[in-house]
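Lettering of chains follows the sequences in order, A, B, ..., and the numbering in each one begins at 1.
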Amino acid sequence: MLKIHNNLTRQKEIFKPIKEGKVTMYVCGMTVYDFCHIGHARVMVVFDVVSRYLREQGYDLTYVRNVTDIDDKIIKRANENGEDITSLTERYIVAMHEDERALGVLPPDIEPKATQSMEDIISMISTLIDKGYGYVGANGDIFYSVSRFEKYGQLSGKNLEELQAGERVDVDEAKQNPFDFVLWKMSKADEPSWDSPWGKGRPGWHIECSAMSTKCLGDHFDIHGGGMDLQFPHHENEIAQSEGATGHKFVNFWMHNGFVRINEEKMSKSLGNFFTVREVLERYRPEVVRFFILSSQYRSPLNYSNESLDEASSALRRLYTALRDLKGGRESDAAKPFVERFYEAMNDDFNTPVAVAVLFDIAREINRQKGESDELAASLGNTLKRLSGLLGLLENEPEAFLKLSDGVATESALGDKEIDQLIEERITARANKEWAEADRIRDLLKEQGVILEDITGGTSWRRG
RNA sequence: GGCUGAGUGGCAGAGUGGUUAUGCAGCGGCCUGCAAAGCCGUGUACAGCGGUUCGAUUCCGCUCUCAGCCUCCA
């Protein structure tokens with residue numbers, strides 16, 4: 001029985017979809033004006049695992065993740081580059097898809113773009129105005145009147161009185177209330193714009209998600225996800241807009257993933273302390289990054305450092321080492337306790353660190369069985385591969401994984417053929433009990449980052 | 001200031017009212033020509049102070065510390 005921590009109630013609740021057997025999920029995606037950083041990677045990987053698991057549980061899932069391709073930052077960046085916003089956003093959408101594929105993230109079913117959803121956006125704003133939630137501000141922009149929406153603050157646990165006490169909100173004369181937010185922003189002469197009943201302009205940030213999610217999934221859907229920082233005001237505003245416009249409940253389960261941190265501080269564009277996915281992938285293999293992300297629970301903070309990535313790499317090597325040299329075979333009942341624990345962990349709000357711990361327990365059992373019962377070892381190996389596959393892990397060939405190293409430094413070192421050649425020479429030396437020569441070759445390879453393992457029936461190698 | 005969340009062994013990271021997380025690193029042993037890998041064993045961990053309890057790291061209160069949101073942000 002799957003339980004999900006619902007941020008609307010701040011507790012774990014038994015997950016029950018609106019329509020039996022079907023799940024509808026919307027995740028706030030990227031604003032495409034730059035490369036994705038590791039924080040974005042976490043959202044992608046976390047909800048990729050959620051979607052894989054829901055499907056594995058037999059649900060017919062529709063997974064929507066939007067692309068924000070019109071916004072102030074995009075306009076600013078395009079101006080700085082002296083290019084059209086479309087050429088800017090298209091370039092970064094391609095880059096985002098490359099990053100996703102590299103990380104083994106399966107694409108969402110629908111990936112709507114704000115610029116292609118103008119009709120729905122305008123229609124929702126019209127409805128909001130008709131229902132008295134939207135008004136024309138002193139500057140011509142259309143605003144949402146938060147005081148009209150009684151439940152405003154339900155998701156973030158804030159109320160308007162407390163918010164008034166805050167000092168970080170701009171006083172804008174055009175608004176009736178400082179917490180009112182823009183639904184439609186009038187464009188200046190040289191800005192990209194779309195026609196609307198209120199004049200040429202562009203949508204506010206929050207309205208696009210309300211419009212696209214309800215368009216793709218209906219007025220009421222199961223899961224809405226995104227980063228912690230979107231909880232307020234973005235998701236709060238989405239609820240106000242959607243429920244204001246449709247008149248009924250918007251989303252049942254709200255899921256927010258924790259931040260990636262660097263030195264205990266949030267990684268973000270504005271702080272400038274971010275690493276892009278492609279920078280990290282120059283140094284670590286995609287699966288290592290994925291393992292790193294899944295080694296902590298999705299709601300916890302995740303501290304990024306080279307040490308953590310190195311550790312993820314070592315840990316993954318242990319799993320692949322267990323899978324090495326296994327024969328094929330079917331899964332057996334012997335795996336049952338492990339399988340049960342794995343599902344129990346996943347059912348507990350996607351507790352991937354515990355699920356991963358089970359993978360290590362299976363690996364230990366495989367290692368014990370190797371030589372004892374190769375059949376059982378192989379069978380457990382299949383279980384290990386199946387379960388890790390649900391996390392998008394261990395999908396490479398063990399030999400292939402072990403023979404590659406992280407980083408580019410060792411790429412230019414010895415090629416596989418030369419390594420095999422030296423190993424042959426060493427095998428001959430060992431056969432003649434020329435230990436000094438055998439050790440010389442082993443040390444030589446070690447200097448090149450190649451570690452030998454003499455196992456029964458031969459010598460295998462890996463890059464350390 | 002308001003509102004969240006968190007403080008676990010050398011590090012990372014789960015979890016629990018009384019019993020082994022798991023991984024990385026360390027130490028001892030087995031295996032090995034020697035290694036590597038693997039297996040076995042090993043570390044008096046739960047921020048502090050009170051309270052509830054037969055018993056609390058786990059529940060309650062207070063204190064301290066950290067992070068996040070309250071402005072764009074995954």
Nucleotide nearest [X] (side chain, heavy atoms from C-beta), chosen from [options]:
| X | options | answer |
| --- | --- | --- |
| A/Phe360 | B/A74, B/U22, B/C3 | B/U22 |
| A/Ala315 | B/G33, B/G23, B/U22 | B/G23 |
| A/Asp348 | B/A74, B/G38, B/G15 | B/G15 |
| A/Lys73 | B/C72, B/A74, B/C39 | B/C72 |
| A/Phe232 | B/C34, B/C70, B/A37 | B/C70 |
| A/Glu162 | B/C3, B/C39, B/A37 | B/C3 |
| A/Asp454 | B/A36, B/C34, B/C39 | B/C34 |

Inset, instruction - Kindly confirm or rule out a cation-pi arrangement of A/Arg285 over A/Phe401, judged by NZ or CZ under 6.0 Å from the six-membered ring centre and within 45° of its axis? - result: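 Checked: cation-pi criterion met.
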Inset, instruction - Is it possible for you to check whether A/Lys175 lies under 6.0 Å from the centre of the six-membered ring of A/Phe143, through NZ or CZ, and within 45° of that ring's axis? - result: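 The answer is no; the distance or angle limit is not met.
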Legend entry - Comparing A/Glu365 and A/Arg430 on RNA chain B - which has the more 5′ nearest nucleotide: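 Comparing both residues, the 5'-ward one is A/Arg430.
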Legend entry - 5' priority, RNA chain B, between A/Asn367 and A/Val260 [closest heavy atom]: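 Of the two residues, A/Asn367 wins.
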Are side-chain N/O atoms of [X] and [Y] paired as donor and acceptor at under 3.5 Å?
| X | Y | answer |
| --- | --- | --- |
| A/Glu243 | A/Tyr152 | no |
| A/Thr31 | A/Asp71 | no |
| A/Glu287 | A/Asn396 | yes |
| A/Gln297 | A/Asn351 | no |

Between [N] and [M], how many Å separate the two [atom1] atoms, rounded to a whole number?
| N | M | atom1 | result |
| --- | --- | --- | --- |
| B/G18 | B/U58 | C1' | 11 Å |
| B/U57 | B/U52 | P | 15 Å |
| B/G15 | B/U22 | P | 15 Å |

Inset, instruction - Quick one: the dot-bracket string of RNA chain B, using Watson-Crick and G-U wobble pairs with both distances under 3.5 Å, [ ] for crossing pairs and | for bases paired to another strand. - result: (((((((..(((.....[...))).(((((.......)))))....(((((..]....))))))))))))....
Legend entry - Short N-O contact, A/Arg324 and A/Glu453, less than 4.0 angstrom: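 Salt bridge: yes.
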Short heteroatom pairs, N/O only, protein and nucleotides 12-14 of chain B, under 3.5 Å:
residue, atom, partner, partner atom, Å
B/A14, OP1, A/Gln297, N, 2.8
B/A14, OP1, A/Ser300, OG, 3.3
B/A14, O3', A/Asn351, ND2, 3.2

